[in-house]
S.K.: 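Here it is: the structure, laid out below.
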Amino acid sequence: MRRPFIAGNWKMNLNLASSVSLVEKLIEGLSGVDGVEVAVCPPSVYLHAVCQAASGSILGVGAQNVYHEPKGAFTGELSPAMLKDVGCRYVILGHSERRNILGESSEEVNKKVEAALAADLTPIVCVGELLSERKAGRTHDVVRRQFDGSLSGLTAEQMTRAVIAYEPVWAIGTGEVATPQQAEEVHLGLRQLLESRYNKQVAEAVRIQYGGSVKPDNAAELLAQPNIDGALVGGASLEAEPFLGIIAGAKN
Ligand code: PEP
């Protein structure tokens with residue numbers, strides 16, 4: 001049985017005071033919630049404060065990126081060990097904004113995934129097609145290519161420690177959400193890829209989140225799909241009430 005996992009990607013939003021205050025509200029709202037894993041991923045400059053505010057609670061904290069080298073002359077980058085040092089448990093990798101705006105390739109994502117796993121961080125590895133690719137009927141090819149490239153070379157044990165997030169790019173921040181059927185079809189395809197590359201046990205163990213305009217009013221239906229194991233939430237994770245509403249949808 002896969003435990004649902006809801007993660008909030010704050011992207012480049014909020015400030016120090018609002019980050020800490022949001023964490024405090026979430027912790028209050030999460031009292032009594034169990035059976036769901038929950039994390040927030042603030043901007044890196046606020047990770048330390050957010051980890052401290054969340055310490056001792058069920059709220060986990062993740063970064064939005066990491067560099068694959070352990071240390072050295074890499075101006076502006078952060079190592080996996082630094083993220084662990086401040087209390088992170090997760091790191092989002094290969095988000096479409098990093099792939100499409102910052103030109104990050106699946107090969108780079110793959111190196112980061114390996115480095116994150118070696119540091120005992122849980123990578124949340126994003127894959128997803130552009131609208132033009134979906135319209136051209138290439139969704140499965142694109143997702144398979146990103147899956148193969150970003151998760152290349154992982155052992156079965158490493159694979160089961162990673163989380164995949166299917167995020168159709170056309171649904172991110174647009175208010176346009178994939179239908180539960182559209183999302184489920186791709187999630188099932190990903191699970192089949194896991195089974196053919198590894199085995200049924202690995203395929204059954206890996207959690208696959210959906211991301212793209214998840215809101216309290218569509219979360220429950222998406223999360224009820226057999227192969228959707230959680231959500232990666234952007235806009236609706238910036239305030240406590242909608243994020244808690246999505247978490248409630250995962251419990252039902
Ligand atoms: C995201 O950026 O990962 C995301 C899913 O954003 P939104 O929920 O705002 O579409």
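Start at 1 with the first residue, then count along the sequence. Read the numbers this way: they start at 1 and go in the same order the structure lists the ligands and their atoms.
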S.K.: Hey, which atoms in ligand 1 end up nearer than 4.0 Å to a heavy atom of Ala171?
M.R.: 10 (O)
S.K.: List ligand 1 atoms under 4.0 Å from Gly173, heavy atoms only on the residue side.
M.R.: 7 (P), 9 (O), 10 (O)
S.K.: Looking only at protein heavy atoms, which one is nearest to atom 3 (O) of ligand 1, and how far off is it?
M.R.: Glu167 OE2, 2.7 Å
S.K.: Can you tell me the protein heavy atom closest to atom 9 (O) of ligand 1 and the distance?
M.R.: Gly235 N, 2.9 Å
S.K.: Side chain, backbone, both or neither: which part of Cys126 comes within less than 4.0 Å of ligand 1 when only heavy atoms are counted?
M.R.: neither
S.K.: Only one of Ile6, Asn9, Ile172 passes side-chain contact (heavy atoms from CB on, under 4.5 Å) with Leu232; say which it is.
M.R.: Asn9
S.K.: Tell me whether Glu28 at atom CD has more than 12 heavy atoms from other residues, nucleotides or ligands lying less than 6.0 Å away.
M.R.: no
S.K.: One thing to verify: whether Arg3 and Glu37 come together as a salt bridge, which I'm taking to mean a side-chain N less than 4.0 angstrom from a carboxylate O.
M.R.: yes
S.K.: Does ligand 1 have any atom that is closer than 4.0 Å to a heavy atom of Gly212?
M.R.: yes
S.K.: In terms of the angle between their ring planes, are Tyr166 and His187 parallel, tilted or perpendicular, with boundaries placed at 30° and 60°?
M.R.: perpendicular
S.K.: Give me the residue, atom name and distance of the protein heavy atom closest to atom 1 (C) of ligand 1.
M.R.: His95 NE2, 3.3 Å
S.K.: Please write down residue, atom name and distance for the protein heavy atom closest to atom 2 (O) of ligand 1.
M.R.: Lys11 NZ, 2.5 Å
S.K.: Provide, to 0.1 Å, the distance between atom 8 (O) of ligand 1 and the closest protein heavy atom, together with that atom's residue and name.
M.R.: Gly234 N, 2.8 Å
S.K.: Can you list the ligand 1 atoms lying under 4.0 Å from a non-hydrogen atom of Ser213?
M.R.: 7 (P), 8 (O), 10 (O)
S.K.: In terms of side-chain geometry, is the basic nitrogen of Lys112 or Glu104 positioned less than 4.0 Å from the acidic oxygen of its partner?
M.R.: yes
S.K.: Any atom of ligand 1 sitting under 4.0 Å from a heavy atom of Ser96?
M.R.: no
S.K.: Is any NZ, NE, NH1 or NH2 atom of the basic residue among Arg138 and Glu129 found under 4.0 Å from an Asp or Glu carboxylate oxygen of the other?
M.R.: no
S.K.: In plain terms, say whether Glu107 and Lys111 are close enough for a salt bridge, that is, a side-chain N and a carboxylate O under 4.0 Å apart.
M.R.: no
S.K.: Between Glu24 and Ser21, is there a side-chain donor-acceptor contact under 3.5 Å, judged purely by atom types and distance?
M.R.: no
